[in-house]
Amino acid sequence: MGRLLPNPLAPSGRRQLGGVLALGAAVLLAGACTQTHPVDPLGSPAAVASCSATTSLTAPADLPASLVPGLTLDVKSDETSFIHLATPVIPGVTVLTGRLRAIAGSDLSGYRQDLAASGDDIGELNLSWNLTGVSLRAIGVQVTTSRSVGAVTTGSTQVVWWDQVDHRLLEPQDLFTAQGWSELTARLTVDLCAGGPARTPLVTQALSRQPGQTRLAVAFAADGGAVVAISSMTPGSEPFKVVLGAAAVRGWLSAAGQAASAASVQPQSLPLVATPVQRSTQADRVAPRRAATKERVSKPASPPARKESRAQPKAVDCRKARCVALTFDDGPGPYTADLVRRLQKAHAPATFFMMGEHVDAFPDLTRTVARAGFEIGNHSYSHPDLTRLSESEVQHQLSRTSAAIQRATGRSPTLMRPPYGARNAEVDKAAAQVGLTEVLWDVDTLDWKHRNAKVVQKDALADAHRGSIVLLHDIHPTTVQAVPGLVIELRKRGYTLVTVSELLGSTRPGSRHFRAD
Ligand code: NI
């Protein structure tokens, strides 16, 4: 749909859909059957598959990324095509990281093909992740994909398991003994979720050695139960899920499956792996949460939080000064710490619109940004096109992110920026209800597209004027490299850099701002 510049006059042309929340466990729950079979046709109550998985106990374990020190992100985004894919980079485990990248790559090429074949130019692809098992013996990563072609949204989920002892990827059947797998197959094939005959071919297909478009994922809940999700990739479908009780599952698991289950039920923090990494990546290493809490006062990798190094030493009156606000979206990520250092060196204030998913992955880094005096805004939890979600789903995306920022920094944000700048009346209303002011932009550097520091500088300088809000993304190293020069050139032209709150002054929740008037 061409270059998306937020237009304050035109309503968003995108259709409002009751789309899915691409929120890890939430997708599994959203796609769950709601019917409980009155009678267990297969005998032992311990082995009954429950289809009424509405409690968090039956959701796959959702673990903090801080259990994996040195974890960073691989983010692919295309702001004009509504594409955002994030996968974790697990240090020292290149095969696992490679599989996750391959999933993202295949989702992306499949989506582009389907979009082209549909003749529809409106779509969205969103891929998010969470850790579902971490121990010295196994690592499990859940990947949740939501893709829309035209008005049809399809959800899917995959779980990639890595055996830390044998150094190999585990396919779903590797988690079970031969007997356990055949028991599981029987359970799924009879379709206890009362999905009817229509689901049987789907289950058969998922269990076959060549599943094609059908995906089977196995994750474990904190209570030791297993969550088996089958994603059909049929347009408009959501993962079909069966929850298996802990007692049944225990007898079915192979040694590798038991290790995977233990990694979900009793997760362990991994030791820091010494791998050659880029300077900016190294600085983002996140210590285990427990240690981080103790060491909150002094973290060696963090830029110092000394008063004199704070980004904004004194208040600026933008009625007098020629103010411009630099804003950085989609982080915090591998290059954020480097950007913070560069901004601090230049004494340049800025505003970071962060994704809740990344804040939860990097709480220490988020705290570092806040302590250095930068403003933090809300950029949704998993970067979906909010106009495709219901009002309550939008509220959930925003409130979950504000809570993550509050947890990490002690302060709840007052500003939000909708992903892709996509908004409509429902998004505005949801923002107002959770107390957030909408901040868009009037200068789009297209930094995600150019990936060239000089071009980013040139574009920002060409379009900036008094009161401008400049859109940048700190997930790209080229953007971070562009910043010091951009700051110097803006100042040469008489601009004063400020945070968005300083630029706009006091604002009303739910109001929208593209620049300062
Ligand atoms: Ni974004």
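All figures in this text were calculated on a predicted structure; none of them were measured in a lab. In each ligand, atom 1 is the first atom listed, and ligand 1 is the first ligand listed. We use all heavy atoms of the structure for the numbers below, so side chains are in, but hydrogens, waters and symmetry mates are not.
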* What do you reckon, are the aromatic ring centroids of H379 and F352 less than 6.0 Å apart? ->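 Judged by ring-centre distance (under 6.0 Å), H379 and F352 do not meet the cut-off.
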* Asked: Which protein N, O or S atoms does the Ni ion (ligand 1) have within a distance shorter than 2.8 Å?
  ->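 Less than 2.8 Å away from the Ni ion (ligand 1) sit D330 OD1, H379 NE2, H383 NE2.
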* **Ion pair check, K429 and E426, cut-off under 4.0 Å** =>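 Looking at K429 and E426, the cut-off is not met.
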* Hey, does the Lys NZ or Arg CZ of R147 hover above the aromatic six-ring of Y111, less than 6.0 Å from the centre and inside 45° of the axis? ->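 Ring-cation test returns no.
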* **Donor-acceptor pair, side chain of H465 and main chain of D463, under 3.5 angstrom** =>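 Side chain of H465 to backbone of D463: a pair is present.
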* Between T401 (side chain) and Y381 (backbone), is there a donor-acceptor pair under 3.5 Å? ->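 It does hold such a pair.
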* Asked: Pairs in or reaching into residues 85-100: which pass side chain to side chain donor-acceptor pair (under 3.5 Å), with residues at least two apart or in two chains?
  ->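 Residue pairs passing side chain to side chain donor-acceptor pair (under 3.5 Å), neighbours aside: R99-E171.
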